[in-house]
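Reviewing the structure listed below.
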Amino acid sequence: MKKSFTAHVQYVVILCLLYTVPVAVVYMSSTTEYVPSEEMDGIRLAIILLLAPIFVKYVIQLCAAPFYSLVGRIREEAMGVASDLTVSVLIPAWNEEVGILKTVQSVLDTQYKNLEVIVINDGSTDATDEIMAGFVRDYGLRNHSATVVKYLSLPNGGKAIALNQGVMIAKGEIIVTIDADCVMDRKAIANIVKQFTDKDVAAVAGNVIIGNRCKHIEVMQQLEYLYGFFFKRADSIFNSVYIVGGAAAAYRKNVLVDLGGFDPRIITEDIEMSTRILASGYKSRYAADAVVYTEGPASWLGLCNQRLRWKFGRLLTFIKHKTLFFSAEKRHNPYLTLLLLPLAVYAELALLLEPLLLAIFYGYMIYTNDYFPLVLFITFISLVIALQIAFDPMSRFHRNLLILAPVAWIIFYIIDIVEFQALCRSLKRLFKREELKWQTWVRVGLLNHSSIEPVAQLEVAAESR
């Protein structure tokens with residue numbers, strides 16, 4: 001109890017300190033007089049032009065995202081709803097003794113009619129094998145449902161190889177992957193399957209939400225995920241969701257097999273596969289109502305290493321599929337080849353220059369007393385986050401983020417620091433031709449966090465809206 005009270009006091013203190021920054025900016029904007037400077041105006045224009053491409057992308061996505069639901073209804077009316085497809089859920093696991101049973105049970109609790117569950121133990125050295133072997137044995141004795149639970153225990157070979165083994169024995173038309181530290185919403189499978197409205201849709205991304213919210217670093221990730229996943233709505237409208245994360249992903253099995261399965265040479269096999277699917281001329285979409293809760297790293301070291309893996313794998317994916325950039329092939333989506341991918345690389349270059357650009361921008365602001373652009377930026381980000389919370393199917397779960405909206409821009413700077421170190425470490429590895437192995441962090445187990453409400457309650461809250 002004392003620890004919880006102390007944590008709340010720390011949170012309030014940090015929040016008050018963060019709020020002093022936007023308050024000071026607004027105060028300076030209203031009380032100081034602008035000092036014209038021709039030299040500094042040129043610098044400001046250069047920064048604006050440098051960031052303009054990224055700004056244009058966000059404008060396009062923000063304009064398109066509100067039409068996500070409307071476009072979805074139109075697609076359903078035109079193509080029908082894909083609701084009777086057989087589904088195989090693959091759960092790769094490596095040293096996941098803490099949360100593996102919660103993950104499996106949450107998948108079974110979806111009660112999807114045509115379902116099989118396949119757990120692939122990738123050479124765990126903890127009690128994962130013992131726990132899963134016991135569960136499968138007891139499940140077979142106590143249950144007579146149509147849902148089949150299969151368990152593979154393999155020598156350690158990596159996540160991609162484990163997934164490929166699961167695909168080989170899967171009987172479902174749709175392959176759904178979920179990480180072994182996640183909890184699936186009861187309607188997640190049904191909602192993600194609905195997105196396969198035509199045969200050209202080969203991959204669908206679910207809505208991943210950070211479920212652990214005890215620490216400041218965890219709340220920061222909750223905000224980051226909410227902000228980032230919202231833009232997948234726009235990508236889905238254009239059938240070009242190129243990052244379909246393995247924590248909540250669905251694929252057509254025949255496409256996975258035809259493309260040769262997941263690539264074990266790239267540590268982010270999920271990003272590579274979704275990019276390869278688009279490169280092959282298929283479509284990919286996003287299911288905002290297919291909710292999966294995941295456990296984010298609870299330490300800065302764990303977060304930095306996670307982002308290193310994501311960044312390094314993403315760069316390897318870009319290199320492998322470099323012919324997609326600015327491709328004029330008819331089978332390739334122009335939204336992907338001319339906008340998303342080129343600007344993804346451009347954003348990485350901007351990230352490298354960000355320390356310099358921020359120093360110049362804030363130096364200009366203080367020198368000229370021109371605080372108004374920053375006030376507009378703070379207001380814009382605050383409104384966007386408020387709208388994202390309102391639009392999200394689990395908006396009641398995200399209510400705690402409303403108070404962070406005015407200071408979200410500061411939190412995003414902190415995230416940029418984490419991303420910056422990941423980019424620098426990734427480039428160093430690429431230059432030295434070094435590989436990267438999985439990093440792990442200590443997990444508590446998603447439903448063991450005191451800050452997360454029971455998933456069943458969250459679903460009831462969502463249905464009551």
Side-chain angles (χ1 to χ4, degrees), residues 86-154 156 159 162-172 174-193 206-212 245-251 253 270 290-296 440 443-449 452 454-459:
T86 56
V87 173
S88 297
V89 177
L90 306 187
I91 308 175
W94 182 71
N95 290 351
E96 297 287 358
E97 63 181 3
V98 173
I100 184 68
L101 289 185
K102 295 291 185 181
T103 301
V104 174
Q105 191 59 54
S106 72
V107 175
L108 295 173
D109 288 343
T110 63
Q111 297 182 351
Y112 187 81
K113 291 182 180 179
N114 303 311
L115 177 68
E116 73 170 352
V117 180
I118 303 174
V119 179
I120 311 102
N121 178 13
D122 184 34
S124 296
T125 57
D126 63 357
T128 299
D129 181 66
E130 180 182 347
I131 290 171
M132 278 309 307
F135 175 84
V136 172
R137 182 179 60 252
D138 294 343
Y139 179 82
L141 293 174
R142 293 189 314 231
N143 293 274
H144 303 284
S145 66
T147 301
V148 176
V149 178
K150 299 177 181 178
Y151 175 58
L152 296 179
S153 184
L154 308 175
N156 183 257
K159 187 176 180 181
L163 286 170
N164 288 336
Q165 291 294 318
V167 171
M168 287 178 61
I169 68 169
K171 295 182 179 179
I174 301 298
I175 301 293
V176 172
T177 68
I178 177 174
D179 290 343
D181 61 348
C182 295
V183 173
M184 184 174 278
D185 181 273
R186 290 181 186 270
K187 294 184 178 181
I189 295 178
N191 289 336
I192 206 168
V193 168
N207 184 5
V208 182
I209 294 175
I210 292 292
N212 49 318
Y251 312 91
K253 180 184 175 180
D270 47 2
V291 175
V292 171
Y293 305 89
T294 189
E295 182 178 2
T440 60
R443 291 190 175 98
V444 176
L446 192 55
L447 294 186
N448 293 327
H449 287 274
I452 185 171
V455 176
Q457 294 181 14
L458 296 173
E459 292 160 359

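Residue numbers count from 1 along this sequence.
Taken to the nearest 0.5 Å, the CG atom of D109 stands 5.0 Å off from the CZ atom of R186. For the atom pair K171 NZ and K150 NZ, the distance stands at 4.5 Å (nearest 0.5 Å). To the nearest 0.5 Å, the span separating OH on Y151 from CD1 on I118 amounts to 13.5 Å. Note that CG of L90 and CG of D179 are 11.5 Å apart. Values are rounded to the nearest 0.5 Å. Distance check, rounded to the nearest 0.5 Å: OG of S88 to CG of L115 gives 7.5 Å. Note that OG of S153 and CD of E130 are 12.0 Å apart. Values are rounded to the nearest 0.5 Å.
Side-chain atoms of D270 come within 3.5 Å of backbone N or O of G246 as a donor-acceptor pair. Here the side chain of Q165 pairs no donor or acceptor atom with the backbone of L152 at under 3.5 angstrom. One N or O on the side chain of S124 and one on the backbone of N95 form a donor-acceptor pair closer than 3.5 Å. Of the possible polar contacts, one joining the D126 side chain to the E97 backbone as a donor-acceptor pair under 3.5 Å is found. Under a 3.5 Å cut-off, the side chain of N207 and the backbone N or O of A290 do not form any donor-acceptor pair. No side-chain donor-acceptor contact under 3.5 Å links D181 to the backbone of G99.
Only one option out of V208, I210, I209, N212 pairs with Y293 in a side-chain contact (heavy atoms from CB on, under 4.5 Å); it is I209. Applying the side-chain contact (heavy atoms from CB on, under 4.5 Å) test between V89 and each of I189, T177, V119 identifies I189 as the sole match. When each of I91, V176, V291 is checked for a side-chain contact (heavy atoms from CB on, under 4.5 Å) with M184, only V176 meets the rule.
Smallest separation of non-hydrogen atoms from A180 and I100: CB-CD1, 3.6 Å. For the pair E96 and T128, the tightest heavy-atom approach, listed with the atom from each and the gap, is N-OG1, 2.9 Å. Between I174 and A250, the closest heavy-atom pair is CG2-CB, 4.1 Å. Annotation for I192 and A248: closest pair CD1-O, 4.4 Å, computed over non-hydrogen atoms. Across Y139 and L108, no two heavy atoms sit closer than the pair CE1-CD1, 3.8 Å. Shortest non-hydrogen contact noted between A247 and V292 is O-CG1, 3.6 Å.
Applying the side-chain hydrogen bond (donor to acceptor under 3.5 Å, both in side chains) criterion to T103, with sequence neighbours excluded, gives no partner residue.
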**OP:** Evaluate side chain to side chain contact (heavy atoms under 4.5 Å, CB included) for V149 paired with E116, printing each intermediate quantity in order.
**Re:** CA-CA 6 Å; V149 178; E116 73 170 352; over 6 Å; no

**OP:** Given side chain to side chain contact (heavy atoms under 4.5 Å, CB included), test V193 with Y112 step by step and report yes or no.
**Re:** CA-CA 10 Å; V193 168; Y112 187 81; 3.8 Å; yes

**OP:** With side chain to side chain contact (heavy atoms under 4.5 Å, CB included) as the test, would you mind laying out the steps for M168 and N164 before giving the verdict?
**Re:** CA-CA 6 Å; M168 287 178 61; N164 288 336; 5.7 Å; no

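Proximity of S106 to V183: side-chain heavy atoms (C-beta onward) are separated by under 4.5 Å at one or more points.
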